[in-house]
Structure formats: structure tokens, C-alpha cells
There are 4 protein chains.
Amino acid sequence: MGDTETKQRPGDGRRAQAKAANREAILEAARAVFARMGMESATVRDIIRETDLAAGTFYNYFKSKEEVVKALAELSTSRFRPRLAKVRAAAPDVKSYIRAAFHAYFSFLKDENETALRLGASQMKLAAVRYDTPEMDAVLTEVRCALDSFFDEADSPHFDTEYITAAAVGIALEFGDLMLRRHPVDVDGATRVASELFLSGISGVDCCFQD
Amino acid sequence: MGDTETKQRPGDGRRAQAKAANREAILEAARAVFARMGMESATVRDIIRETDLAAGTFYNYFKSKEEVVKALAELSTSRFRPRLAKVRAAAPDVKSYIRAAFHAYFSFLKDENETALRLGASQMKLAAVRYDTPEMDAVLTEVRCALDSFFDEADSPHFDTEYITAAAVGIALEFGDLMLRRHPVDVDGATRVASELFLSGISGVDCCFQD
Amino acid sequence: MGDTETKQRPGDGRRAQAKAANREAILEAARAVFARMGMESATVRDIIRETDLAAGTFYNYFKSKEEVVKALAELSTSRFRPRLAKVRAAAPDVKSYIRAAFHAYFSFLKDENETALRLGASQMKLAAVRYDTPEMDAVLTEVRCALDSFFDEADSPHFDTEYITAAAVGIALEFGDLMLRRHPVDVDGATRVASELFLSGISGVDCCFQD
Amino acid sequence: MGDTETKQRPGDGRRAQAKAANREAILEAARAVFARMGMESATVRDIIRETDLAAGTFYNYFKSKEEVVKALAELSTSRFRPRLAKVRAAAPDVKSYIRAAFHAYFSFLKDENETALRLGASQMKLAAVRYDTPEMDAVLTEVRCALDSFFDEADSPHFDTEYITAAAVGIALEFGDLMLRRHPVDVDGATRVASELFLSGISGVDCCFQD
DNA sequence: CATGAATGAGCATTCATTCAT
DNA sequence: GATGAATGAATGCTCATTCAT
């Protein structure tokens, strides 16, 4: 509205890319808006308002807010999945894997948060850090799947792998929250405590994890 | 429209107090509506529609939906806090307390869920179990506080009590979710696994918990 | 908008009736708008704009434009049906009935047209006189039914009553159109020609009508 | 997007004329769309979507949907007028002409209807058969004119030729409707009944038609 | 206090039309 | 010419909120 510098309006030169760039602009705007006011209550108008585009333009790129959500989630998944795969391939044993997975998640979370802040999400608005964001959701799902399949594969009939995964996820979520609220944001610290706690926890539930 | 005789919560008897009872009626309706369609998407209209009251009357008692949310949360807090206090007073040691707290939370969760289902929340709608209910939120906060103060009081400088609480909360949340998705809902099972996992976990972080 | 005299806004006195009167106002406005620009292309906003009411108020009275259409049609039906019934009861024979029915229809049409003109339908806009009006449609249906059942009852297996009815309706429609375009509007003339033509027509098709 | 080779009505061969052929393509598409969803509710977008052309191209050929309508009507007129002229030239007397005119109209109607059905107009959608098509309108107008001038020329001061034409048109319209609703569609039957009815009718109005 | 009609801003979405390329 | 992305006005409709009674 005021900032005419970033406008992609016709007439400014490189056109071919501008078209594809608008999609990016909308996604970026959506990211900011979701971070600021939550996915649920954000409206399509909130998103395009963040943009130099006109109301109708949104619908040239997405059919609805839900599609933006999906696109954002897929983006995150596609960025995070390889990292997680690498982590797994590199892990010599359970403990290492758990540690690396926690670390990957907390790192991602930190990055996301920094982006969100830069994009205008006032720290105040996030009572608890914003998790109802498509990116977070996607990554969390990713982690959950990885753990799930890891435990399943480990074929540990001694304990309920679903509950164990749930525990890991719960710890990750809450630790992530806490980690972001503290300054400076300490990824390694969170990783260490989470790993220690979780690994000790499951070794208490099933002794075969005491290696 | 013209007949004022039948208004005013027909069928409740005492007239004098009936007026104050409207507040109760609105809260009750809000509970049902939140359970059925989620706090976020419920509208003031949805709430008053559940009521014998007129649209405008809502605003005699609450300034907005958010105030109803707050009131509902406070109600839950005030009902749940004593239970938790009793649990604490009765607990001979850490382990017992943790177990009792998990149990209290999972029990409450089960009750809430059953109420929600009875009130019309289709099992389907709860992708993840309905947590966006002011009551749940309040109780969770309550538990968090209890744990927090418990650990602080225990004065365990050996570990970061905030993180430990976060772990307990995370486990509680995710286990609760999982518990409700399984049938029959097994409060004791969830309590046992959660306690074992969590207690073993913290004993790994700080040996002074191995008593 | 400019005319504050006719406003039904709160604060002008008689209130109880005003509420019911708004429904009338909307129907009246819809009548005018439909007449002026056709039922199909008229929008809800066009209707309320004709009114002193606010956009949302429309939906206190009707769920959509279609409901207004239905209401308008029902109004017409309920006003016209008795007239037609009386006509039929009074008719000693076919010829009289046909004449009276044509007359009733053309009279109604004239009334409607005059109302429409008074309500702002510029004569210009109606290329062919506006028939896509719920009232006209309803009345025409009424007439069609009356004729249909009349012929059926007369049990004239000698000719195809459906076609005969269609002829009567077609003549009525086109004559109505023509009648309204001429000045002064001559109901009796149209009735005479239509009746003569139609009655001679059917007597040519089936001799049993030559009485 | 980038591939301009495949554009321009792929598969039609000659390139030079292809450009002018776009007009044709649009008209054809409009025909189909109008038949399928009615003239009123069809949008320019619906039309170009049926085409290999881009949105903007539409405006190189027509200023708006209304112009397409007009063009389509003119096309019909120009195709139908000669047929009607021939009919007239060949008719030895009034009766023959009337019959031939009815027949021409009903035939055209049947063709149009079959085209419409083939083009996707669900039988259901046509509450009353699809008349809101520019072609139908044009042809009807054509017939009306022919009859009008015929009667005028016959110089029959004994009756009101405008009304007589109106009667013929009304009968044609309603019979057409009815004819299409019955199966199999019986053009000759409709023609016979309509002619009989109409001719007897006018002979009752003015005896000079009894020849 | 209770009422419920009225309000008007707001939302998702569609569409005719323009225009830089 | 042809293109198709951008535009922004318009539409149907919902909702929180007000206020005369």
C-alpha cells in the first residue's frame, strides 16, 4: 500500500518471473499472517492485504486458504524430510538418532521462529508459541512418522511404540515452546535435556534400551 | 413476541434468582457449542441460539465470546484446583504425586471428552482430540503450575525445573490424545506408562530422584 | 437514502407494526426491481437498495432472492385464485368460462402493469413486456391449471386437451403483451378477440364444441 | 504458456484465414454454452473457456456478451429468412402458408433442441424448454414479421392483424414447448393441430378467410 | 433487565475488462 | 493480433453488536 518498491505490478521490467513470484509473495504473506494471528482466524483478505496484489489475484494462484495451508505444509515437508532422512542414515544407534532428531526439530523451530519474527509476528501475540502453522504441523508429522517407523522397525514388542512416540512428540513440542521463550534460544541445551530425559524414560519402561 | 409470560427460562421455578441464572445458561450453552464445533469457529450466535435468551441478552452478561471463554476457564480452574491440592497433600513422595497428577488430568480429559461426545461433537470432527476448549486449557495450566511449584519447592538445582515441567505437560497432552483415540479409553494404562516414562526420565537427568 | 420520510427506522413511533411492514417493503421493492430489470438479473442488493433497510436486514426476512420470488408468487396466487374460482362457478358454459378467464387474466395483467409503472419500471426497459415476474408466472400457472382441469373434466376425448390449453395460454400471453403496448389499454377488446379466436379455433378442431 | 506453436485453433489447417476463424470459434462456443446453461447465466468466461483462445482475445471480436448474442441472432436470421421466403413464395394460399410457417418454426425448434441436448443441456434444466437462446428469439421474430407482413398485405381490414399475428406466435411458442416435452417429438402433429386451431380461429373472427 | 430487529462491516468468491508483453 | 495475469467492483451472505421498546 505504501511500499511501492517491492511491487510486482506490470511495467517494472522482468515480467516472466514476476508471475511465478506472486505465488511466492502470497505464500510469504500467508506465512506472516498465520504466524501473527493463527491459521484458523486468518482470512484470505488478511493474506492479500499483506501483499501488493488485488483481492481477485489470490484466486489466480490458490483456490482457497486451505490450499495455501497445504502448499506451505508441503514446502516445509519437502525441506525438512531430507534433513531427517540424512539424520537417520547417519545415526549409528537409537540414542544418536533420537538426539539428532530432536536437534533437527529444534533447529527447524528456531529458524521458523526467526523468520516469523522478521515477518512481523509480534512476540506478544503468541501466548504459547504459534504451533497452528502449517509448517510446524507438517514437520511434526514428519518427525512423528520417522520415530514411529523407527520404533516399529526396531521391533520392540516390549513397549507400546505409539505411546513412546507420543512422548517424544510431546516433549519436542513443549520443549520447543520453552526454548523459544528463552533468550538466547538454546538449541543444543534443549536437545540435550530432551534426549537425556526421553532416553532415560524409555530405558525405564523397557530395559532392552539400556544397551 | 408479545407474550412475556413464557419467557425467562420457562420451567425453572424460582423467579428471583432466575435472572442471575441466565449467566449459567449462557455458560452451559457455550460449553456445548465449543465442544460441538470448536472454540475458534463457534460464534456468539451459535451460543445464544442454544439458549432461551435473546441475542442482545448475551451482552448483558459477557462483552464477547472471549469473556465466556475466560469465565468457563475460571470455572474449571476453581473446580479442579481443590482436587489437585488434595492430591498433593496426600502424596507421600514425588512418584506418588506425579502419578496422581497424571491420573487426575487423564480422568478429567476422559470426562470432558465424554461430555463433548454426548453434546454432539462427532468423533470424526476431532482430528486431534478437542483441546481447544477453555476447560481443558485451564486444567492443563493448573497442572503445569502445580508441577512447576512442586519442582521449585523441591528445590532441585540439579535440573531445569521449567523443562521438566514442560516434559510432563508434553507427555500428558500427547498421551491424552492417544488415550482418547483408543477404545476402551484406558485412564489407568495411560497413567502408568506416562508416570513410568516420566519418572525414569527425570531420574536419568538427576540422580537425586532415584530415592 | 435521500428520502427520510418513508423510513421505518427505529425512533419514529409505531414500532410493532414497522417490523412486519419491512417485509412488505422488501416485497414491494422486489416487485419494482423485478419489473424494472428482470427477475434473473436482479440482485439481492438491488432489492435492498430500493429500501431504507440495511444489507443484512434482508436476511431477517428472506433466506435468498428465490424466497422473495416464491413469496411474491404466492401472494399473487392467493389473490388471483379466488377470482378465477368465482369466474368458474359463475360460468354457465364453456364459452362464458373462456371469456371470463381471459378477462380475469387481462385485468390482472393491466393492474400489474400499472403498478409496475408506478413503481418505476420505465416503459422503455421492457422490450417485450416483463413476464419474468413471479406474479405473472404464478397467475399464468393458475390459469393453465384451471383450463386444464376444465377441459379434462369436460372429458373431451376428441382432442388433445394439453394442446388446447397451450393454445389458450399462448394467446393469453401474447395478447397480454400486445394489449399493454397499446394505449389506452383495452382489456375488453383483448378479451373479445382472444375469446372469439380461441373458441372458433377449438370448434374447428372438435365439432362437439359448437353447441 | 511459452509454446505458441500449438495455439491458434490447432488442427484446422489453413493459417491465413484462421485468424478470422476465431470469431467463428467464439460464436460456436457461445452457442454451446448458452444452450447448456442459458443465456442469462452464461458468462464471458464460460464462453472463452470453451475455446482455445485466451480471455483477452474475446474482446478483439466482441465488446461484451450482448454482442455475441446479437451476432448469433443475426446469424440465425440470415439462415432462416431465406427458408421462410421460399415457403411464402411457394404457398398457394393462406392456409398453406400458415401451415408451412408453423412447420418451419417447429422444425427449427426441434433441431435447436437436439443440438442443445447434444451440447450438454440436461433435459432436466429446461423447466420450460430453452427459449432464451438468441437463435430462437431471432427466428421467432422472423416468423412474426413474416406473418405480420402477410396479413397486412392481405389487407384484411376486417380484423386486427397485430392480434392475429400475436395469436399465431403465442400458439407457436406454447406448442413448441409442449412438442419438445413429448416423446417422440412430433413436428407434424404439432403443425397440424396448430394450423387447424389457428385457421379455424381466424375464420371465426373474419369470415373472408373461409374461402 | 430482556428483547430481537436493524445495522453495516466483513468475508469468500466471481467476473468483466484492461493492458504490458 | 493473441495472451493471460492483474484488477477491483460486485455479489451473496454472516456476524458481532447496538438500541428502542
Side-chain angles (χ1 to χ4, degrees), chain A residues 7-16 18-20 22-23 42-48 51-66, chain B residues 1-2 4 7-9 18-20 22 43-48 52-66, chain C residues 7-16 18-23 42-48 51-66, chain D residues 1-2 4 7-9 18-20 22 42-48 52-66:
Chain A
K7 219 166 192 177
Q8 293 295 9
R9 283 284 307 282
D12 79 8
R14 50 256 134 72
R15 170 65 60 86
K19 290 167 189 183
N22 280 346
R23 190 170 198 273
T43 73
V44 171
R45 274 160 121 90
D46 291 326
I47 295 172
I48 51 137
T51 279
D52 293 309
L53 304 170
T57 304
F58 177 90
Y59 295 94
N60 284 352
Y61 295 98
F62 301 97
K63 237 176 25 214
S64 71
K65 192 181 70 178
E66 271 61 44
Chain B
M1 228 175 226
T4 57
K7 284 282 168 63
Q8 196 69 280
R9 302 231 311 135
K19 290 177 186 178
N22 282 346
T43 72
V44 171
R45 276 164 107 82
D46 292 324
I47 296 171
I48 53 129
D52 293 316
L53 305 170
T57 306
F58 179 91
Y59 294 91
N60 285 343
Y61 296 99
F62 301 97
K63 224 164 54 195
S64 72
K65 192 180 71 176
E66 272 60 46
Chain C
K7 220 164 188 180
Q8 292 295 6
R9 284 284 309 282
D12 79 11
R14 48 256 133 71
R15 168 66 57 87
K19 290 168 188 184
N22 280 346
R23 188 171 200 274
T43 73
V44 170
R45 275 161 122 91
D46 290 326
I47 297 171
I48 52 135
T51 280
D52 294 309
L53 304 170
T57 305
F58 177 90
Y59 296 93
N60 284 352
Y61 295 98
F62 302 96
K63 236 179 20 216
S64 72
K65 192 180 70 177
E66 272 60 45
Chain D
M1 229 182 221
T4 57
K7 282 282 168 62
Q8 197 68 280
R9 301 234 309 137
K19 291 178 184 180
N22 283 345
T43 73
V44 171
R45 276 164 108 81
D46 292 325
I47 296 171
I48 52 129
D52 293 315
L53 304 170
T57 307
F58 178 91
Y59 294 93
N60 286 344
Y61 297 99
F62 301 97
K63 226 167 50 197
S64 72
K65 193 180 70 176
E66 272 60 45

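Numbered from 1 within each chain, the chains take letters A, B, ... in sequence-line order. Computed from a predicted structure; not experimentally measured.
Neither OP1 nor OP2 of F:dG1 sits under 4.0 Å from any side-chain N or O of D:Asn22. Here C:Asn60 does not reach the OP1 or OP2 of E:dA5: none of its side-chain N or O atoms lies under 4.0 Å away. In terms of phosphate contacts, D:Thr43 brings a side-chain nitrogen or oxygen within less than 4.0 Å of OP1 or OP2 of E:dA16. Neither OP1 nor OP2 of F:dT3 sits under 4.0 Å from any side-chain N or O of D:Tyr59.
For C:Leu53, counting side-chain heavy atoms from C-beta on, the closest listed nucleotide (F:dG4, E:dT7, E:dA9) is E:dT7. Closest approach to the C:Ala54 side chain among E:dG8, F:dT3, E:dA16 is made by E:dG8 (side chain taken as heavy atoms from C-beta onward). Candidate nucleotides F:dA16, E:dT17, F:dT3 were compared by shortest atom distance to the side chain of D:Thr57, and F:dT3 ranks first. Set against F:dA16, E:dT3, F:dT11, the side chain of B:Val44 has F:dA16 as its closest nucleotide.
Of all non-hydrogen atoms in A:Arg23 and A:Phe62, the two that sit nearest each other are NH2-CE2, 3.5 Å.
Remark: P of E:dC19 and CZ of D:Phe58 are 18 Å apart, rounded to the nearest angstrom. Rounded to a whole Å, the CZ atom of C:Arg45 is 11 Å from the P atom of F:dC13. For the pair C:Asp52 CG and E:dT7 P, the interatomic distance rounds to 9 Å; values are reported in whole Å. Taking atom OH of A:Tyr61 as the reference point, atom C1' of F:dA5 lies 6 Å away to the nearest angstrom. Computed from coordinates, the C:Ile48 CD1 to F:dA10 C1' distance equals 12 Å when rounded to whole Å. For A:Asp46 and E:dG10, the CG to C1' distance is 10 Å, given to the nearest whole Å. Residue C:Ile47 contributes atom CD1, which lies 14 Å from atom C1' of F:dC13 at whole-angstrom precision.
Taken together, the paired segments of DNA chain E that extend over three or more consecutive Watson-Crick or G-U pairs, each closer than 3.5 Å at both contacts, are E:2-21 with F:2-21.
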Evaluate D:Val44 against D:Tyr59 for side chain to side chain contact (heavy atoms under 4.5 Å, CB included), listing each step before the verdict.
CA-CA 10 Å; D:Val44 171; D:Tyr59 294 93; 4.0 Å; yes
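Summary of the strand contacts: B:Lys65 and A:Ala55 both lie near DNA chain F, and taking for each the nucleotide with the nearest heavy atom, the more 5' one is attributed to A:Ala55. Heavy-atom distances to DNA chain E give each of D:Ser64 and A:Ser64 a nearest nucleotide, and the one nearer the 5′ end belongs to A:Ser64.
Remark: the C:Thr43 side chain and the C:Asp46 side chain contain an N/O donor-acceptor pair separated by less than 3.5 Å.
Note that CD1 of A:Ile47 is 5.0 Å distant from CZ of A:Phe58, once rounded to the nearest 0.5 Å. How far CG of D:Asn22 is from OG1 of D:Thr57: 7.0 Å, rounded to the nearest 0.5 Å.
Here D:Phe62 lies out of heavy-atom contact (under 4.0 Å) with every strand.
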